[in-house]
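Just so you know, ligand 1 is whichever comes first in the structure, and atom 1 is the first atom listed for that ligand. On a predicted model such as this, the values are computed, not experimentally measured, just so you know.
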Amino acid sequence: MRCARCLIWPCRSCWSAATNVSSPTVASTTPPTAEPRRPCVAVALSGGRDSTALCHATVRAAQALGLRVVALHVHHGLQPEADDWVRHLQRQCGRWRRAGWPLRLRVARLTQRPPAGASIEAWARQQRHQMLARLAAEEGATLLLLAHHAQDQAETVLLQALRGAGAAGLAAMPASVVRGGLTWARPWLACSPDAIDHYVDRHGLSHIEDPSNRDPRFERNRLRVQVWPGLLAAFPDAEQALGTVARQAWQAAELIDEVAAADLATLRSPSDGLDQRAWLALSPARQRASLRRWLKEQGAGQASERFIERLLSELPRARSGRWPVDALCELRLYRGTLRLARLTPGNTAATDTALWPPTAPTACLVLPSGLGWVQLRAVEEGGLPWSRLAGSTWRPRGGGERFSLGPDRPARSLKQQFQALGVPAWQRQGPLLWSGEQLLWVPGLGVEARARAAAGEPQLSLRWSAEAPDAAAQQLE
Ligand SMILES: Nc1ncnc2c1ncn2[C@@H]1O[C@H](COP(=O)(O)OP(=O)(O)OP(=O)(O)O)[C@@H](O)[C@H]1O
């Protein structure tokens, strides 16, 4: 029997190491099922080709090893075909179970909807991961398998590179990571999709085709359809080479993090702030790394490259100051110590003022209340007057708003105008800019006719996006 590291068929020692299970009597929690208490492996099963193959291979191996398998499927409630997929999985898993295989299917349906302005892809991923972790815990599984393969990994490296990511982003998806007691593993991360195809054909496996995998609104699909075939034709080894980039970036990221941790041990003030003088004594590379790690430890998330560079240029001369990190927190320098201040709902006004209205035309700004990001650019005509920004506010679409495309054109509903201009659905979800009760600007439609700047007046154009243009590296997918 081949081992998981050699792909497709796992061996007893791999399962034992990954599940941390040394004897069949050990199971972490009581499963809500009448199954005998055998160690349990969970497989994240979308129903697509790869996870179907992984589930099939896992159950075959598990049967020989005396393990039980639970296939976890998350119904996002976003696509009309999703109910059919569940029925397909129930039939398929039912057949395998009747054949005596130690398999059980758990399906969970998400009841929440993505908030207005959020990236649907990122929201679905985050919700799916939460749900998978919960179901795995309920089933007593300490190992969860995902079916990403070498091409998925290569695509992730490329996408991260195109976002300008550093080592942590280029490290792409880890082959295995432990979170909250659950090991998330990708046993096929070095496996080519052709090998999976071959496996699917050999075992005559049926699987679903998710039409959203071809939707060009998603950057991964554009890369897969428009770029990947040409790239492989010109560089046949691209998949392996990009996999190597990921592994090397992972090692580099680990090293950077270790150095940062050691530096932080000497930089931290007694109140968990950052000592400005000690920090300034470091080399710029170590300043960057320690600042990033400290911000992450403080709960500020992954700081953007732009933000770190700004601090590196401004902190050496600063005696005091405030730097907004995002809508929820800001960095404050006072008496030589940097601290992260969390802006609670009671004092978010401070954040809003810090972030909006902006003072420079080239900024990329995070909007308050998770409404996304906006980029500004000075323009000569057809823009919004700078003077209109004072006192302006962002609000999600409420329904009933009317918008006029030109001075002599009638005001019509946003839906009609979006349709008239062929604005894609994802752009219609952005927030609207208001001045009191006057609508100023709408993503995809632009400046409202009555708000447009006169010739010669200083003016700007706006561009909205749900995600930060240099979005932070996603470690899980
Ligand atoms: N709805 C879901 N429920 C459970 N697991 C999922 C779901 N969607 C994705 N996954 C897991 O995440 C992996 C990667 O997701 P991705 O969206 O790239 O795959 P897919 O195109 O939906 O299907 P597949 O990888 O099975 O061909 C899947 O292989 C699967 O293990």
Side-chain angles (χ1 to χ4, degrees), residues 7 41-59 69-79 81-90 92-93 103-110 114 119-136 138-139 141 143-159 172-177 182-189 191-201 205-215 217-225 228 474-477:
L7 316 172
V41 177
V43 179
L45 177 63
S46 68
R49 180 198 63 174
D50 308 325
S51 54
T52 299
L54 181 65
C55 186
H56 184 267
T58 304
V59 188
V69 177
V70 59
L72 306 178
H73 177 77
V74 179
H75 181 315
H76 296 104
L78 294 173
Q79 285 173 276
E81 303 89 347
D83 290 336
D84 291 339
W85 299 342
V86 170
R87 280 190 284 274
H88 162 81
L89 291 175
Q90 283 165 339
Q92 190 170 53
C93 292
L103 172 67
R104 169 180 150 74
L105 171 70
R106 284 276 315 262
V107 176
R109 193 189 167 111
L110 301 179
S119 147
I120 297 177
E121 221 183 350
W123 176 87
R125 181 173 51 233
Q126 196 239 350
Q127 296 288 317
R128 181 167 71 244
H129 286 168
Q130 262 180 23
M131 185 55 84
L132 288 173
R134 200 176 106 192
L135 295 177
E138 283 176 12
E139 293 290 331
L143 173 65
L144 172 68
L145 304 181
L146 300 140
H148 297 97
H149 50 63
Q151 186 183 324
D152 294 328
Q153 180 75 327
E155 287 167 2
T156 307
V157 173
L158 275 180
L159 288 171
M173 297 180 281
S176 161
V177 65
L182 177 66
T183 301
W184 298 70
R186 298 181 172 85
W188 288 355
L189 204 54
C191 184
S192 94
D194 290 347
I196 301 177
D197 252 346
H198 183 66
Y199 184 92
V200 166
D201 285 350
L205 303 179
S206 62
H207 58 86
I208 58 149
E209 293 288 349
D210 179 349
S212 74
N213 284 346
R214 292 188 303 273
D215 188 335
R217 281 179 301 162
F218 301 123
E219 53 179 20
R220 185 179 289 271
N221 296 343
R222 292 200 298 276
L223 178 75
R224 190 172 291 168
V225 174
W228 190 251
Q474 294 277 357
Q475 286 286 301
L476 267 168
E477 279 181 29

(Q) I need the atoms of ligand 1 closer than 4.0 Å to a non-hydrogen atom of His73, numbered in the order shown. (A) 3 (N), 4 (C)
Q) What atoms of ligand 1 come closer than 4.0 angstrom to any heavy atom of His148? A) 13 (C), 14 (C)
Q. Which heavy atom of Leu89 sits nearest a heavy atom of Gly47, and at what distance?
A. CD2-CA, 3.7 Å
(Q) Yes or no: does His76 have any heavy atom under 4.0 Å from an atom of ligand 1? (A) yes
**Q.** Any N or O of Leu132 closer than 3.5 Å to N or O of ligand 1
**A.** no
**Q.** ligand 1 to Asp152 polar contact by distance, N or O atoms, under 3.5 Å
**A.** no
Q: Please determine, by modelled atom types, if Ser192 and Asp194 share a side-chain donor-acceptor pair under 3.5 angstrom.
A: no
**Q.** Donor-acceptor pair, side chain of Asp152 and main chain of His149, under 3.5 angstrom
**A.** yes
Q | Those atoms of ligand 1 less than 4.0 Å from some heavy atom in Val74 | A | 1 (N), 2 (C), 3 (N), 4 (C)
Q. Would a 4.5 Å heavy-atom cut-off, applied to side chains only, mark Gln151 and Arg224 as touching?
A. yes
Q: Report yes if some N/O of Asp50 lies less than 3.5 Å from some N/O of ligand 1; otherwise report no.
A: yes
Q.
Among Leu54, Leu189, Asp50, Thr156, exactly one meets side chain to side chain contact (heavy atoms under 4.5 Å, CB included) together with His148. Which residue is that?
A. Leu189
Q) Does some side-chain heavy atom of Gln79 sit less than 4.5 Å from a side-chain heavy atom of Pro211? A) yes
Q) So, is Leu146 polar-close to ligand 1, with some N/O to N/O distance under 3.5 Å? A) no
Q: Looking only at distances, please establish whether an N/O atom of ligand 1 is found under 3.5 Å from an N/O atom of Leu145.
A: no
Q: Run through His75, His73, His76 and flag the one making a side-chain hydrogen bond (donor to acceptor under 3.5 Å, both in side chains) with Arg128.
A: His76
Q. Is ligand 1 less than 4.0 angstrom away from at least one heavy atom of Asn213?
A. yes
Q | Heavy atom of Leu72, distance to ligand 1 below 4.0 Å | A | yes
Q. Side chains of Leu72 and Leu144: closer than 4.5 Å at any heavy-atom pair?
A. yes
Q) Taking heavy atoms and a distance under 4.0 Å, where does Leu45 meet ligand 1: side chain, backbone, both or neither? A) backbone
Q. If you count the atoms of ligand 1 from 1 in the order shown, which ones are under 4.0 Å from a heavy atom of Ala147?
A. 29 (O), 31 (O)
Q | Closest heavy-atom pair and its distance - Leu135, Ala108 | A | CD1-CB, 3.8 Å
Q. Does Arg128 approach ligand 1 within less than 4.0 angstrom via side chain, backbone, both or neither, non-hydrogen atoms only?
A. side chain
Q) What's the shortest heavy-atom distance between Ile208 and Ser46, and which atoms? A) CD1-O, 3.6 Å
Q.
Given Ser46, Gly47, Gly48, identify the one with the heavy atom nearest to atom 19 (O) of ligand 1.
A. Ser46
